[in-house]
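Input: a single structure, listed below in structure tokens.
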Amino acid sequence: MPHRVAIIGAGFSGTATAINLLRQDSTPALEVVLIEAHARMARGLAYREEDRESLLNVPAGNMGLLDGQAGHFLEYCRKREPGTASGAFMPRHLFGEYLEENLDAAQASSNAVLERVRGTALAVRRRAQGFEVELSDARVLVVDEVVLALGHAPPAVPRALAGLRGHERFVADPWDWSSLVRVDGAQCVAILGTGHTAIDTLLRIERRARTKVFLISRHGLIPNGHRMSAQIPATAGLPEYLGARPATVSSHMGAIREEARRRVEKGGDWRDVLNELRPHTPTIWQRWSQKERRRFLERVRAYWEIHRHRLAPAIHEQVQELIASGLVEVVSGRLGVCFADDKGVSLEVRGGGEGGRIVRAAFLVNCAGPDYDIAQRGSPLTAQLYADGLVGQDALGMGVCVDERYRMIDREGRVVAGLYYVGPMLRAQYFEATAVPELRHHCAALARGLHEALAQQARAKSA
Ligand SMILES: Cc1cc2nc3c(=O)[nH]c(=O)nc-3n(C[C@H](O)[C@H](O)[C@H](O)COP(=O)(O)OP(=O)(O)OC[C@H]3O[C@@H](n4cnc5c(N)ncnc54)[C@H](O)[C@@H]3O)c2cc1C
């Protein structure tokens, strides 16, 4: 009997893990069961749409799916368009095609078997040996190991908007693009959030019709843009200017700001400072105490995010033009009293520069960012895993904890043998874990560890 590994979720993380498993010589025999709720495999939330205007926010030269081969996607692009620059920002759907083609190729050349299952996993239960995965259509798959690659949780609904839940004027999930169609034809729309999802939603709305849009967030900060010829991060060691500093947020942030200023004074670009730090962010995060991490999340994160997670230059330019034209207005402050009626929504925005105001709009789209507090909400699957104690939550509510082989740490702090996690919720441990350059490393490391353990078991059995 082959060793069966179920991967739940075929977005980037699940697909890249499957590809890594299929590319290794599998002894003993291996069967990978890739389970995806959406009709399209190997796409995930970010790369499943066919629209040509949504661009990647990482340069082509750093979007390779294989660890140690950052340029793998660039090679793919160059086969189609020979002149593609390493710093180019390609359409997101092209990356989806790249993932699909690589999964097909890995399947065709592997001595392991890939089974593709369309369905939503509702529960994962431990058996005397292995696990069973229950699907929404009542099928039950029996497997030896399970990799959870569930991706992004739906956005949190802030407390001030609790009364709007279920109201037709409130689009709770911006990634449910079928429900976003509701706002078509509206003269004025409010978007909660000013991050990447908010910008994505804004441009999606503006492409359909010129619409007045309010972008509302606590700080009103819009992500910066990349350079036209984006630089791929250097992979040197932890920069010297940080090495000897005490492990506190203020000391590290002070040093980073100083370094950025120095670079700019010398005619350089502050972006390079952040690019160079990228591979070291997990080390810095892990050096901080829990108190320091909390301080960072409360006081610094909003500023960090707009510098670190930048927009493709063309997207940044479009947003700036929309703001300059007055069609898009950024409103900063905290939400106060909010309600919806049959004509639209009314939002009190307190504080900010102007001492508070009321925003009226026909619809409100919630782009407040994914809610990773699985103890409170989460999908039916994560709720079941949490209730059964198989999945724990980190102390800061950022995601889940795993051991060095990506095996889940349960609610009692014990390793769950055979249950793995890979995806954005690794940010609880590594902070940076949402984009391809970080995830490709985790997917490869998980697959390698799984293979090695399997080979070891086989050797032990035959000895
Ligand atoms: C709109 C958007 C644009 C982005 N652009 C970029 C970019 O340009 N560059 C970059 O590096 N990163 C980008 N990202 C970051 C993105 O997080 C990663 O690149 C990566 O796509 C994450 O992949 P994932 O597989 O972990 O999650 P997801 O893409 O969310 O995939 C998870 C998959 O699991 C499936 N699933 C979940 N639960 C179940 C279940 N119970 N049963 C069955 N299937 C299930 C979902 O249907 C989904 O397909 C973007 C993210 C978003 C949301």
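Order of listing sets the numbers, starting from 1, for every ligand and every atom in it.
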Below 6.0 angstrom between ring centroids: does that apply to Phe296 and His252? no

Centroid-centroid distance, Phe73 to Phe95, less than 6.0 Å: yes

Should the heavy atoms of other residues, nucleotides or ligands under 6.0 Å from CZ of Arg23 be counted, would the total exceed 12? no

N or O contact, [X] vs ligand 1, cut-off under 3.5 Å:
X	result
Asp200	no
Met63	no
Tyr47	yes
Thr120	no
Ala37	yes
Arg92	no

Tell me whether ligand 1 is touched by [X] - counting only heavy atoms on the residue side and a distance under 4.0 Å.
X	result
Pro380	no
Trp175	yes
Ala149	yes

Just heavy atoms, cut-off under 4.0 Å: does [X] contact ligand 1 by side chain, backbone, both, or neither?
X	answer
Val422	neither
Arg48	side chain
His196	neither
Leu122	neither

Filtering Leu45, Leu56, Leu150 for the heavy atom nearest atom 39 (C) of ligand 1 leaves Leu150

Name the option, out of Thr434, Leu34, Asn57, Leu65, that contains the heavy atom nearest to atom 9 (N) of ligand 1. Asn57

Heavy-atom closest pair (Gly151 atom, Tyr372 atom, distance to 0.1 Å) is O-CE2, 4.4 Å

